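Note sheet for the following structure.
Since the model is a prediction, treat every value here as computed from it, not as a measurement. First listed ligand is number 1; within each ligand, the first listed atom is number 1.
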Amino acid sequence: MKKIISFSGKGGVGKSTLLVLMLKYLLEKFKDLNILVIDADPDANIGDIIGKDIHFKETVGGKMAELKRKIQKRQIPLEVSKDQIVESEVFEALIEMDLFDILEMGRSEGEGCYCSINNYLKRIIDILAKNYDIVLIDAPAGLEYFARKTGRTVTDLVIVSDPSKMGIHTMKRILEVSKEVDLRFENIWILGNRFPENSLRDILEKEVANIKEEYVKLLGFIENSDEISRMNIVGENLLDLPNESKPYKTVKQLYSTII
Ligand SMILES: Nc1ncnc2c1ncn2[C@@H]1O[C@H](COP(=O)(O)OP(=O)(O)OP(=O)(O)O)[C@@H](O)[C@H]1O
Ligand SMILES: [Mg+2]
């Protein structure tokens, strides 16, 4: 099994939440998988969701900033290539948890801009993915990530939408852009989050039914959950969401289609 699964969608629709629930599902279902979580969202919060403090200096952005200072001070031997250095910094930034690893991309320091780090994302995925059975990527909101063709190595793209017009609009834009820049995925899964069990679901169902590409499929719907909200507000580790809770049961059933 080798899967690289990336979560995308409008800001705030539940990408990070649903990624962490997929992580929970994988940890429960498969005992010996090597799993890497790449947090490529500059407003990183995977750490927050699983109750792990991650400092800037531990992120790829932090390592790069340090590297820049070393280069300025000429502390890097000339015979080492830039690619080799970047590669070793990326390995340095890997955070090893008990059951999985995390790579926190972080921000580029001092530029107020995330782009330069994001340029490395594709290479980073290529470098690291070899060592893992499953890579889960929390993609930044917005579409710049796609324009850089990062998705080439991604096998499954999960596009999360909430029941808002903007959520669905962004989902459609992501599909359009990925076609325009010719990104290929084995599967694109549309996942409705915080959908009540009513006719709102029909709207998204119809939208997906209108999509001609057979690799774009509706994965299903997750209800709004007071338990998820509560854990978020109190700052509890979402991996501890009870196995018998309703949203987790739904998630499990949906994710078993992907993996
Ligand atoms: N099914 C759900 N039920 C209740 N609350 C949810 C649900 N899904 C997500 N949330 C809450 O919605 C908020 C946004 O979720 P999350 O941070 O996962 O979204 P995101 O798409 O990753 O946002 P961003 O674009 O800012 O990274 C969080 O407070 C989260 O707890
Ligand atoms: Mg997020």
Check: Hey, mind stepping through L175 and I159 against side chain to side chain contact (heavy atoms under 4.5 Å, CB included) and telling me if it holds?
Finding: CA-CA 9 Å; L175 288 171; I159 308 180; 3.8 Å; yes

Check: So, do L36 and L136 sit near enough that their side-chain heavy atoms are less than 4.5 Å apart?
Finding: no

Item checked: Any N/O pair G14/ligand 1 closer than 3.5 Å -> yes

Margin query: Check R230 with E227, please: is the shortest side-chain N to carboxylate O separation under 4.0 Å?
Written below: yes

Check: Near D41, which atoms of ligand 1 are under 4.0 Å from a heavy atom of that residue?
Finding: 27 (O)

Next item on the list: Check each of L238, T17, D48 against atom 30 (C) of ligand 1 and report the one with the nearest heavy atom.
Entry: T17

Check: So, D162 versus S164: side-chain donor-acceptor pair below 3.5 Å or not?
Finding: yes

Next item on the list: Assess whether side-chain hydrogen bond (donor to acceptor under 3.5 Å, both in side chains) is satisfied between Y248 and Q253, documenting all intermediate values.
Entry: CA-CA 9 Å; Y248 184 61; Q253 195 241 323; over 6 Å; no

Note to self: With the threshold set at under 4.0 angstrom, would you say E227 reaches ligand 1 through any of its heavy atoms?
What the structure shows: no

Notebook entry, point to check: How many protein N, O or S atoms sit closer than 2.8 Å to the Mg ion (ligand 2)?
Noted result: 1

Check: For ligand 1, does E223 get within less than 4.0 Å through its side chain, its backbone, both, or neither, judged by non-hydrogen atoms?
Finding: backbone

Checklist line | Side-chain touch K24/N243, heavy atoms, less than 4.5 angstrom | finding: yes

Notebook entry, point to check: Within the structure, does D138 bring an N/O atom to less than 3.5 angstrom of an N/O atom in ligand 1?
Noted result: no

Checklist line | Steps toward side chain to side chain contact (heavy atoms under 4.5 Å, CB included) verdict (L67, I85) | finding: CA-CA 8 Å; L67 180 63; I85 298 171; 3.1 Å; yes

Next item on the list: Below 4.0 angstrom from a heavy atom of G11, which ligand 1 atoms are there? Numbered from 1 as shown, please.
Entry: 25 (O)

Note to self: Under the rule for side chain to side chain donor-acceptor pair (under 3.5 Å), what residues qualify as partners of N187, not counting sequence neighbours?
What the structure shows: D156, K217

Margin query: Could you check whether E244 pairs with K249 (Lys NZ or Arg NE/NH1/NH2 to Asp/Glu carboxylate O, under 4.0 Å)?
Written below: no

Margin query: What I'd like to find out is whether the side chain of I50 reaches to under 4.5 Å of the side chain of F100, using heavy atoms alone.
Written below: yes

Item checked: Student check: side-chain heavy atoms of I134 and I259 closer than 4.5 Å -> yes

Check: Can you list the ligand 1 atoms lying under 4.0 Å from a non-hydrogen atom of S229?
Finding: 4 (C), 5 (N)

Margin query: Polar contacts were defined as any N/O atom of the residue lying under 3.5 Å from an N/O atom of the ligand; does this apply to V13 and ligand 1?
Written below: yes

Margin query: Would I49 count as being in polar contact with ligand 1, using the rule that some N or O on each side must be under 3.5 angstrom apart?
Written below: no

